[in-house]
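To start, the structure under review is shown below, and the notes come after it.
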Amino acid sequence: IKPEDVVLIRYAEPFLPEGTFATEEALFPQGTDVFRSALRQMEPNEPVLAAKVTAPGEPAGITQRLQAGMRAFTIRVDAKSSVSGFLRPGDRVDVYWTGVIDQGDGGQEVTKLIDTGVEIIAIDQTADANMSEVTVARNATVQVTPQQVARLAQAQATGSLSISLVGQTDSTVAEVIEVNQNSLLGIETAAPVIETAPPPPEQVCTRIERRGTDRV
């Protein structure tokens, strides 16, 4: 955003949105040679808001969208493992892991919910939440804590990740979910029979006495 891209206008003060710039000096505090970058699409004659632009001299990128203490992690996705072109930056998703758990009998494939309500901050190389074109994403970058980064990295290295879109007004927290082939098909497995050795015979102590011709 350069000085020639903006113009001062009259605006009803009681209806001013939060984060406006009243003067050109406020928009370019370090001089007109140090520009700002737009973080999202802006329409003609739209007021310039602090939430929609970077600080003076800072480039636009996903680092501007990361909250304090959060990290960016990229999940490989495709039309089979996500909701394809319906993903947008700002959406929230649940993350599922599918892999083989070794249970000593050759292993069993399991799908498990590992993170819920994770925010997407970029799709492929785009961080624009107003993107309108529908494309099959190859990567989705999410905003997570360092602990979640370790969980997702381990999950991605040992299996495959799938994501499910969460509604904008949905505030529920998904419960622990784990599905294997048996539970999917409703197959009940019999509990293993544990064979135990019979108890030892009870020991009886006796004493023999002779009373004359009688043996007791």
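Any value given below was found using the heavy atoms of this structure, including those in side chains, with hydrogens, waters and symmetry copies removed.
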- For Asp91, all residues meeting side-chain hydrogen bond (donor to acceptor under 3.5 Å, both in side chains), sequence neighbours excluded: none
- Query: Has Lys52 got more than 12 heavy atoms of other residues, nucleotides or ligands less than 6.0 Å from its NZ?
  - Reply: yes
- Message: Going by the rule side-chain hydrogen bond (donor to acceptor under 3.5 Å, both in side chains), which residues pair with Thr74 if we only count those two or more places apart in sequence or in a different chain?
- Response: Thr141
- Do Val166 and Ile114 belong together in a cluster built from hydrophobic side chains that touch within less than 4.5 Å? no
- Do the side chains of Leu165 and Ile123 join up, straight or via other hydrophobic residues, at under 4.5 Å, putting them in one cluster? yes
- Task: Could you pull out all residues at least two apart from Arg207 that satisfy salt bridge (charged side-chain N to carboxylate O under 4.0 Å, His left out)?
- Result: Glu209
- Task: Name all residues meeting the side-chain contact (heavy atoms from CB on, under 4.5 Å) criterion together with Pro146; count only those two or more places apart in sequence or in a different chain, and write none if there are none.
- Result: Arg71
- Could you give the distance from CD (Gln143) to CE (Met70), rounded to the nearest 0.5 Å? 4.5 Å
- 4.5 Å side-chain heavy-atom contact, Val216 and Arg210: no
- Message: Going by side-chain contact (heavy atoms from CB on, under 4.5 Å), name the residues that satisfy it together with Glu43, two or more places apart in sequence or in a different chain.
- Response: Gln41, Glu46
- Note on the structure: Scanning both residues in full, the closest heavy-atom pair of Ala55 with Arg36 reads CA-NH1, 3.8 Å
- Heavy atoms only: give me the nearest Glu119-Gly90 pair and the separation to one decimal. OE2-CA, 4.2 Å
- Message: Main chain of Ile163, side chain of Asp94: is a donor-acceptor contact present, judged purely on distance under 3.5 Å?
- Response: no
Distance-only donor-acceptor pairs under 3.5 Å for side chains of residues 2-28, two or more places apart:
from: Asp5; atom 1: OD2; to: Lys2; atom 2: N; distance (Å): 2.9
from: Thr23; atom 1: OG1; to: Ala26; atom 2: N; distance (Å): 3.2

- Task: Give the intermediate values and the outcome of side-chain contact (heavy atoms from CB on, under 4.5 Å) for residues Met42 and Ile1.
- Result: CA-CA 11 Å; Met42 300 177 65; Ile1 299 177; 4.3 Å; yes
- Under 4.5 Å between any side-chain heavy atoms of Ile75 and Gln156, yes or no? yes
- May I have the step-by-step check of side-chain contact (heavy atoms from CB on, under 4.5 Å) for Arg215 and Ile208, ending in yes or no? CA-CA 7 Å; Arg215 186 171 179 268; Ile208 300 175; 3.1 Å; yes
- Task: Report the residues that fulfil side-chain contact (heavy atoms from CB on, under 4.5 Å) with Thr111, sequence neighbours left out, ordered by chain and then residue number.
- Result: Tyr96, Thr98
- Value rounded to 0.5 Å, distance of CH2 in Trp97 from OG in Ser162: 11.5 Å
- Sequence neighbours left out, what passes side-chain hydrogen bond (donor to acceptor under 3.5 Å, both in side chains) with Gln148? Give chain and number order. Asp115, Thr145
- What about Leu152 and Ile101, same hydrophobic cluster or not, with Ile/Leu/Val/Met/Phe/Trp/Tyr joined at side-chain heavy-atom distances under 4.5 Å? yes
- Taking all atoms of both residues into account, what is the closest heavy-atom pair of Val77 and Asn139, and its distance? CG2-N, 3.9 Å
